[in-house]
Amino acid sequence: MSEIPKTYEPQAIEEKWYSKWLADGCFTADPARVSAKRPAYSIVIPPPNVTGVLTLGHVLNNTIQDILARRARMLGKEVLWLPGTDHAGIATQNVVEKSLRKSGEMKHRDDLGREALVEKIWAWKEEYGGRILQQLRALGASCDWSRTRFTMDPEYSKCVSRIFVDLYNKGLIYRGKRMVNWCPASLTALSDEEVEMRPVNGLLYYFKVEVVEEPGTFLTIATTRPETIPGDSGVAVSPRDSRYSHLIGKHVRRPLPLENQTPLPVVADDHIDPEFGTGVLKVTPAHDKADYEIGQRHSLEIIEVIDPRGIMNELAGKDLAGLDRFEARKKAAELLRDAGLLEREEPYQNNVGYSERGQVPIEPRLSEQWFLKYPNVEEARNIVADGGMRFFPERWAKVYDHWMGNLQDWCISRQLWWGHRIPVWYRKNDPALRDRMASDENTSSRADSSLHVSTEPPPDSENWEQDPDVLDTWFSSWLWPFATMGWPKKTETLGKFYPTTDLVTGPDIIFFWVARMIMAGFEWMGEKPFENVYFTGIIRDKQGRKMSKSLGNSPDPLDLIGKYGADALRFGVMRSAPLGQDVLFDEKNVELGRNFCTKLWNAARFRQMQGSGPDGFTTEGEINPLLLTSDDKWILLRLDTAIREVSLALDEYRFSDAAQILYRFFWSEYCDWYLEAAKAALNSDGVERKANTLAVMDFVLGHTLRLFHPFLPFITEELWNGMGFNLDLPPKQGGETIQTSRWPQPLDDDFKAHYGITPEDDLAARAKYETVFAGRGLRRDFNIASNKRIRFVLQPVSELAAHDIDVLRILLNAEHLDIDPAYAAPKGTPRALTPLGTLFLPLEGLIDVEAEKQRISKEIAKVEDELAKVRAKLANPAFAEKVPPVVLEDHRQREATWAEKLAHLHQVLAQF
RNA sequence: GCGCGCUUAGCUCAGCGGUAGAGCGCUUGCUUCACACGCAAGAAGUCACAGGUUCGAACCCUGUAGCGCGCACCA
């Protein structure tokens, strides 16, 4: 037995244990150990951005994974928690470019050139990348670090190319000129998922155009984007709109640019809503998705007037050319006004697509990109719909289903330098190739000798040019569950740990990542990638705002760990993170966690201070059933309930419930009631009785530490060892590290029979505690300080065990507790009716008869109230008829109890 | 517009058909020999609103309002 220090110092303890766990290889997964008796449990981490730092979101997410992993180990499973990082194309390139600009190493990426910049990013990655993984260790994450992966590891990159080639050969990847979401800041195409709609306050401009065939007749058009007028190639109205039907097929004069007067055809298209604006739409096929489609239907010209940077080009006319698109908007409105064509402008709020990263409105733009038709859409959709893969909380399954039912092809090419280069080469002397490709969507070009699509460059590489683009980050992330396990080789790891058991992630990447991983899993593994998906909430501040750097409301988890300890942070976050709800983070929660750790620490310390038992060890050995007190039996029953409830909560991913149950059990039941009551036995002179109580305490503590271990890995390990539970001693709960100790089993019927524990023991102990509670209430009512030792008299309804009398006396902090069946209380003595009898607080000469009368009257009112409620129910004839017998009995019982209590109170009152 | 979630004590949230709960905060008393990061006692809620189902509704159904989120968008 080693002595537990007086104060709990998380920092030293956390470092000590984490190093030891690493040194002992506790987190290392070995597929060879997997067997029928030792099932596999696996999780792949949602790889954080390689440039990332730990946020509270990561704390939440990874604590959950760690709880799952640690509990799985305790359930005897072989656990693989596979960590790693994501190269996060745009985000990382942005971060590094920014730092290079700041340090003055470059002004624009072109200053460095592709190779040099990519080299810089790699260097940056080597230096700072993976910092977040280090930080996860401070949190206690039990990842198998020997398997850490990065989405741009050589092997992983090879997987990505292989997948691309495979999909290309299957005809699912094609190149084409399409309307894409273009980010003018990052100068790259984005997928639809990367575009975020935001309401923007702007103006709706009404301008008029003259009908060429009917001079003097004008059409009024409403638009939010007058700067695109030079790119217009038509005007559209609804075919059902009688106001304009006579104009269909005619033309209108183009208002801008002023020097270009090519007329625009008026077409009829179903897309137009006659109710909106004037019912007339200007059609800009080059700069709007819907307009593009209208243009296609009516063979309208595509006129690009905005360049990739968002600047107006020369086709926009000399007045607008060179202007930024937003300046051009104002300028265009001015020009219309000057020309007398602007009728009015009104404030208008519309939704504009923003680049998720760039904080800039995206520009729909016609551009040549690579696209993917998703594979296995039906399988992926059905596995969730049919319950073959479960989502927690379940409602995300609907969101998933909806998205899966409305899939658009995925734009997978990015005009960036950091990422997986598209494994396609073009023959240098064939400039016409790209144009041919542009209109080619079917497989006919796959045999094209001008194109080389392969994981390896063409042999005569000097004659070829590789596609300059890289792949969307998510095109590598979607392979994560199997590419990290050695695919395409049929490794033992894949064989034993795929499909993974649980995925823990945020609902914000359900489309980006989860859905795509499911499709990829089916395509290349022929199987779903995970059994269950747990979606966490989003961490917000206590006002409900999202955590953000700019608001400064995002505390650094490492600071919190330093201040309160990792266990405190974990517990605080988990206790306030209910399934499916966002988490309002408040440092108070961490404080609560810290306080709880201290409580646990001191409860263990208290046990140590009782000294060793006869064996010289803390763990006392077998519990003697004959010596169990009512308190012992009660706490064992409570423990049993806690084990059942916590296990069930964890099985259902209700982590905050599990934390709450443990908190209540340990603090309220074990510390507040059991430990205090146990002091009666500990202070008694019976050596055996004392030893038996210590044995019960050890039993309960041993179980409690194990129940807490997934939540509080460090402090539980420290106490487990400090208290000697790691030694192979009775009651044999042990193991060297708590990590591989057995997850507690409920106390079964045999156990209860052996120790003579019945449900009645729960009631017996509660009766005692209720009596204590009543006595404390009397103290309060008569302003007697809780430290003042006084005399109580109990007039019992039945005989009491000596132990129970001891407990009552100690918990009441009574100098004396007289048990007197014939007690004749002086007139006006305060009393309380308890399950054990009437408890008196004799005040010897200090009795205030009036006060006591008032107090009793108040209580009578309360009891009458309750009694009336129950009687009202019972009085209803339908009640007795329809209610289940148990409930009826319960109500009758309640009525009797209240009635008895009322009668007694009246009797007491009558004595005054 | 479609879909989802939320509305319970001052705050954050449990409870989801049978006597309104927790933590924090608040009040009062306690350096009671594990813990003041503590102990004890307490105040505090027409469970958003309106209907309905039921013997019985915070809980089920319908509708309304407010807040939040997702998807789709009309220029």
Side-chain angles (χ1 to χ4, degrees), chain A residues 4 6-8 197 204-205 221-225 228 236 271-284 288 290-291 294 348 350-351 393 395-396 398-399 402-403 406 507-508 510-511 538 540 542 544 564 568 575-576 578 580-586 588-589 591-610 654 656-657 660 663-664 667-668 671-672 675-676 679 683 772-773 776-781 783-789 810-811 813 866 869-870 872-874 876-884 886-888 890-891 894 897-898:
Chain A
I4 296 179
K6 284 181 181 163
T7 49
Y8 170 52
M197 298 308 266
L204 190 57
Y205 302 87
I221 301 175
T223 181
T224 54
R225 301 200 63 185
T228 62
H271 177 260
I272 283 70
D273 173 7
E275 304 296 315
F276 187 89
T278 59
V280 186
L281 172 72
K282 70 187 215 39
V283 184
T284 324
D288 185 280
D291 288 14
I294 296 173
Y348 184 69
N350 67 339
N351 288 320
R395 66 189 153 88
W396 293 110
K398 244 185 223 172
V399 177
H402 183 252
W403 190 74
N406 293 280
D508 48 334
I510 187 167
F511 310 136
I538 294 166
R540 300 171 180 280
K542 58 180 164 183
Y564 300 102
R575 220 192 69 114
S576 55
Q581 297 277 113
D582 286 353
V583 182
L584 297 201
F585 180 82
D586 186 341
K588 285 267 181 212
N589 292 325
E591 217 176 298
L592 173 105
R594 190 264 322 258
N595 295 352
F596 186 75
C597 289
T598 305
K599 190 74 178 178
L600 184 57
W601 187 259
N602 278 293
R605 203 159 73 87
F606 173 74
R607 167 63 190 87
Q608 290 298 69
M609 289 169 73
Q610 302 311 311
R654 291 182 287 114
S656 65
D657 287 352
Q660 181 66 39
Y663 185 94
R664 179 196 32 79
W667 199 308
S668 310
C671 291
D672 289 348
L675 274 193
E676 294 305 319
K679 285 175 183 173
N683 292 342
V772 170
F773 186 70
R776 287 170 175 170
L778 286 175
R779 257 184 198 276
R780 159 85 183 194
D781 288 344
N783 293 319
I784 296 163
S786 56
N787 65 336
K788 190 167 182 200
R789 308 199 65 190
I810 287 175
L811 293 190
N813 195 27
E866 293 296 339
K869 267 198 247 174
V870 186
K873 276 193 175 183
L874 288 166
N876 186 337
F879 183 78
E881 244 173 71
K882 305 203 173 177
V883 92
V886 192
V887 178
L888 182 62
D890 185 54
H891 278 73
R894 221 187 297 163
T897 311
W898 286 122

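Lettering of chains follows the sequences in order, A, B, ..., and the numbering in each one begins at 1.
B/rC24 is paired with B/rG10 under the Watson-Crick or G-U wobble criterion, all donor-acceptor distances under 3.5 Å. With a 3.5 Å ceiling on both atom-pair distances, B/rC33 lacks any Watson-Crick or G-U wobble partner. Across every strand in view, B/rG18 sits in a pair with B/rC55 that passes the Watson-Crick or G-U test at under 3.5 angstrom. Using N1 to N3 plus N6-O4 or O6-N4 for Watson-Crick, or N1-O2 and O6-N3 for G-U wobble, each under 3.5 Å, B/rA44 pairs with nothing. B/rU62 is paired with B/rA50 under the criterion used here, namely a Watson-Crick or G-U wobble arrangement in which both key atom distances are under 3.5 Å. Pair assignment for B/rG70: B/rC2, on the basis of Watson-Crick or G-U wobble contacts that are both within less than 3.5 Å.
Nearest nucleotide to the A/Val399 side chain, out of B/rG70, B/rG18, B/rC69: B/rG70. Of the candidate nucleotides B/rG18, B/rG23, B/rA75, B/rG18 has the atom lying nearest to any side-chain atom of A/His891. Closest contact between the side chain of A/Cys671 and the listed nucleotides B/rG18, B/rA34, B/rA22 involves B/rA34. Between B/rC35, B/rA41, B/rG56, one nucleotide has an atom nearer to the side chain of A/Arg776 than all others, and that is B/rA41. Comparing atom distances between the A/Asn602 side chain and each of B/rA34, B/rG29, B/rG18 picks out B/rA34 as nearest. Listed nucleotides B/rA22, B/rU28, B/rU19 differ in distance to A/Gln660; the shortest reach to its side chain belongs to B/rA22. Looking at the side chain of A/Tyr663, the nearest of the listed nucleotides B/rA34, B/rG18, B/rG23 is B/rG23. Ranking B/rC4, B/rU19, B/rC30 by closeness to the A/Glu866 side chain, first place goes to B/rU19. The side chain of A/His402 approaches B/rC71 more closely than any other nucleotide in the set B/rA20, B/rC71, B/rC4. Distances were taken from every side-chain heavy atom of A/Trp667 (C-beta onward) to each of B/rC4, B/rG38, B/rG29; the shortest belongs to B/rG38.
Contact of A/Arg605 with B/rA34 (side chain to base): no donor-acceptor pair of N or O atoms is detected under 3.5 Å. For A/Ser786 and B/rC30, a side-chain-to-base donor-acceptor distance below 3.5 Å is absent, hydrogens and geometry of angles not being considered. The base of B/rU28 sits within donor-acceptor range of the side chain of A/Arg780, with an N or O pair under 3.5 Å. Contact of A/Arg594 with B/rC37 (side chain to base): a donor-acceptor pair of N or O atoms is detected under 3.5 Å. Remark: the A/Gln610 side chain and the B/rA34 base include no donor-acceptor N/O pair separated by less than 3.5 Å.
Considering only side-chain N and O atoms, A/Tyr8 lies nowhere under 4.0 angstrom from the phosphate OP1 or OP2 of B/rC35. Residue A/Lys869 has no polar side-chain atom (N or O) positioned under 4.0 Å from OP1 or OP2 of B/rG18. Within the 4.0 Å cut-off from OP1 or OP2 of B/rC35, not a single side-chain nitrogen or oxygen of A/Lys599 is found. Taking side-chain N and O atoms only, A/Arg894 has a distance below 4.0 Å to OP1 or OP2 of B/rU19. Distances shown here put every side-chain N or O of A/Lys679 at or beyond 4.0 Å from the OP1 or OP2 atom of B/rC33.
Taking the C1' atom of each, B/rG63 and B/rG15 are spaced 25 Å apart, rounded to whole Å.
Between the C1' atom of B/rG25 and the CG atom of A/Asp586 lies a distance of 11 Å, rounded to the nearest Å.
Along RNA chain B, the nucleotide closest to A/Ser576 and the one closest to A/His271 are compared, and the more 5′ of them pairs with A/Ser576.
Aromatic ring orientation, A/Tyr8 versus A/Trp601: tilted (interplanar angle from 30° to 60°).
Residue A/Ala290 is classed as a sugar-phosphate contact, given heavy-atom separations below 4.0 Å to backbone atoms only. At a threshold of 4.0 angstrom between heavy atoms, the contacts of A/Pro884 include nucleobase atoms, whether or not backbone atoms are also involved.
The CG atom of A/Leu811 sits 9.0 Å away from the NZ atom of A/Lys679 when rounded to the nearest 0.5 Å. Atoms CZ and CG, on A/Arg894 and A/Asp890 in that order, are 5.0 Å from each other to the nearest 0.5 Å.
Minimum interatomic distance between A/Leu281 and A/Asp291 (heavy atoms only, all atoms of both residues): CD2-OD1, 3.9 Å.
In this structure, A/Leu874 and A/Leu888 have side chains that are in contact, with non-hydrogen atoms separated by less than 4.5 Å.
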Distances under 3.5 Å between protein N/O atoms and the N/O atoms of nucleotides 13-17 of chain B, please, pair by pair.
from	atom 1	to	atom 2	distance (Å)
B/rA14	OP1	A/Gln581	NE2	3.4

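Of the candidates A/Leu584, A/Val583, A/Asn589, A/Asp586 forms a side-chain contact (heavy atoms from CB on, under 4.5 Å) with just one, namely A/Asn589.
At least one cation-pi condition fails for A/Lys599 and A/Tyr663: the charged atom is not both under 6.0 angstrom from the six-membered ring centre and inside a 45 degree cone around its axis.
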